[in-house]
Amino acid sequence: MSVDTELLLDWWDRTARDLPWRRPDCTAWGVLVSEIMLQQTPVARVEPIWHEWLARWPVPSAMAAASHGDVLRAWGKLGYPRRALRLHEAATAIARDHGDVVPSDIETLEGLPGIGSYTARAVAAFAYGQRCAVVDTNVRRVVARAVHGAGDAGPPSTKRDLRDVEALLPQDDAATFSAALMELGALVCTAKSQRCADCPIYEACAWQRNGRPAYDGPAKKVQGFAGTDRQVRGLLLDVLRGTSEPVAKAHLDVVWSNHTQREKCLDSLLQDGLVEQTASGLFALPGEH
DNA sequence: GACACGTGGCG
DNA sequence: TCGCCAAGTGT
């Protein structure tokens with residue numbers, strides 16, 4: 001059927017994790033930083049880095065003043081380092097065009113680098129308390145089960161997913177409701193090993209009523225990693241994060257034996273602005289020489 | 001809509 | 001061990 005708002009909010013009050021970006025004193029900037037870091041990245045790895053970032057760059061203009069190299073080094077091994085570059089670009093735009101205040105308007109947010117539909121709505125809801133649907137992979141899974149009675153969500157369908165979630169949004173406490181839906185997907189209604197015995201909306205769950213059928217949609221694509229350009233780029237970047245001085249190419253050559261792939265990946269890192277070459281031909285993180 | 005894009009932990 | 005998974009975005 002639907003999702004029982006009161007039961008879900010009660011469950012949230014009892015069991016929600018005390019994460020720093022959920023505290024009342026957390027700024028919109030703190031929320032934005034958390035949302036970018038959390039893209040495809042587990043909470044446990046984000047939390048310590050988030051604390052470092054907010055202490056070092058408490059407002060967008062502070063980050064805008066840092067170099068790309070500083071930002072990439074501070075990003076550490078969170079993964080997908082282009083996120084760090086885009087967040088720096090977003091911080092620059094916010095400082096320059098928005099008076100150092102994170103915008104609250106979804107469309108304005110979506111216009112900033114690295115901020116798509118999910119992140120824009122998450123900031124609008126969690127930083128500014130707006131009543132808007134927030135659709136991430138957790139929410140899609142919870143809705144697929146509790147509302148549609150399926151074993152899991154099928155491929156994303158932006159407009160339909162948004163409509164589905166908008167239909168569930170309560171008039172009051174919508175932002176908390178959204179956070180609770182995500183939390184439910186993260187802690188209870190998980191992809192595998194669901195904890196249905198702990199579920200606050202067990203009684204209303206269409207998946208339960210259907211006898212918990214297995215997922216029958218198209219097979220999900222699993223991303224490989226070993227041997228991919230992603231792995232090689234990560235290895236190359238790790239060398240540069242680990243040195244304070246620009247290095248000769250020989251130091252990069254040792255991380256991967258396939259010459260062709262190595263060159264291609266180094267080129268793409270230069271292209272992406274994740275690596276720079278000095279006038280003397282050495283390699284470094286950008287903006288540090 | 002498919003694919004590229006990092007990294008590490010867990011069952 | 002290794003496949004699967006984790007609060008997506010940009011092209």
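Proteins get letters first, then strands, A, B, ... in listed order; numbering begins at 1 in each.
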Side-chain touch A:W207/A:Q194, heavy atoms, less than 4.5 angstrom: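 Side chain of A:W207 against side chain of A:Q194, heavy atoms only: contact under 4.5 Å found.
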Is a donor from one side chain sitting under 3.5 angstrom from an acceptor on the other, for [X] and [Y]?
X      : Y      : result
A:S34  : A:R22  : no
A:R121 : A:Q130 : no
A:Q261 : A:W256 : yes

Take atom [atom1] of [X] and atom [atom2] of [N], then tell me their distance rounded to the nearest Å.
X      : N     : atom1 : atom2 : result
A:R45  : C:dA7 : CZ    : C1'   : 13 Å
A:F225 : C:dA6 : CZ    : C1'   : 14 Å
A:M37  : C:dA7 : CE    : C1'   : 13 Å
A:L78  : C:dA6 : CG    : C1'   : 12 Å
A:L19  : C:dA7 : CG    : P     : 13 Å
A:D238 : B:dG8 : CG    : C1'   : 13 Å
A:L184 : C:dA7 : CG    : C1'   : 14 Å
A:K192 : C:dC2 : NZ    : C1'   : 11 Å

Using atom [atom1] of each nucleotide, how far apart are [N] and [M] to the nearest Å?
N     : M      : atom1 : result
C:dG8 : B:dC10 : C1'   : 22 Å
C:dA6 : B:dC5  : C1'   : 15 Å
C:dA7 : B:dG11 : P     : 16 Å
B:dG8 : C:dG10 : C1'   : 24 Å
B:dG1 : C:dT11 : C1'   : 12 Å
C:dC4 : B:dG6  : C1'   : 16 Å

Tell me which nucleotide among [options] gets nearest to the side chain of [X].
X      : options             : result
A:R241 : B:dT7, C:dT9, C:dA7 : B:dT7
A:R233 : C:dT9, B:dC5, C:dA7 : B:dC5
A:D229 : C:dC5, C:dT9, B:dC5 : B:dC5

DNA chain C contacts made by residues 105-137 of chain A, counting heavy atoms under 4.0 Å: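 DNA chain C contact set from residues 105-137 of chain A: A:P113, A:G114, A:I115, A:G116, A:S117, A:Y118, A:T119, A:D136, A:T137.
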Any idea which heavy atoms bring [X] and [Y] closest together, and the distance?
X      : Y      : result
A:A204 : A:R209 : O-NH2, 3.0 Å
A:R195 : A:T190 : NH1-OG1, 3.8 Å
A:L181 : A:V142 : O-CG2, 3.9 Å
A:K77  : A:D238 : NZ-OD2, 3.5 Å

Does a side-chain N or O of [X] approach OP1 or OP2 of [N] to a distance below 4.0 Å, or not?
X      : N     : value
A:K77  : B:dG8 : yes
A:R230 : B:dG8 : no
A:Q40  : C:dG8 : yes

5' priority, DNA chain B, between A:S193 and A:K221 [closest heavy atom]: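 Looking at DNA chain B, the more 5' nearest nucleotide goes with A:K221.
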Those residues of residues 79-89 of chain A lying under 4.0 Å from DNA chain B by at least one heavy atom: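 Within this stretch, A:G79, A:Y80, A:P81, A:R82 sit under 4.0 Å of the strand.
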Report which part of the nucleic acid [X] touches: base, sugar-phosphate, or nothing (heavy-atom distance under 4.0 Å, all strands).
X      : result
A:V43  : base
A:W75  : nothing
A:R22  : base
A:L181 : nothing
A:K220 : nothing

Verdict with reasoning, A:D164 to A:R140, per salt bridge (charged side-chain N to carboxylate O under 4.0 Å, His left out): CA-CA 9 Å; A:D164 280 356; A:R140 288 185 354 91; over 6 Å; no
Heavy-atom donor-acceptor pair, A:Q223 side-chain to C:dC4 base, under 3.5 Å: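 Per atom types, no contact qualifies.
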Pair A:W75 + A:W53: ring centers closer than 6.0 Å: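 They qualify: ring centres under 6.0 Å apart.
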Residue A:E203 excluded, over 12 heavy atoms near CD under 6.0 Å: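 Counting other residues, nucleotides and ligands, CD of A:E203 stays at 12 neighbours or fewer.
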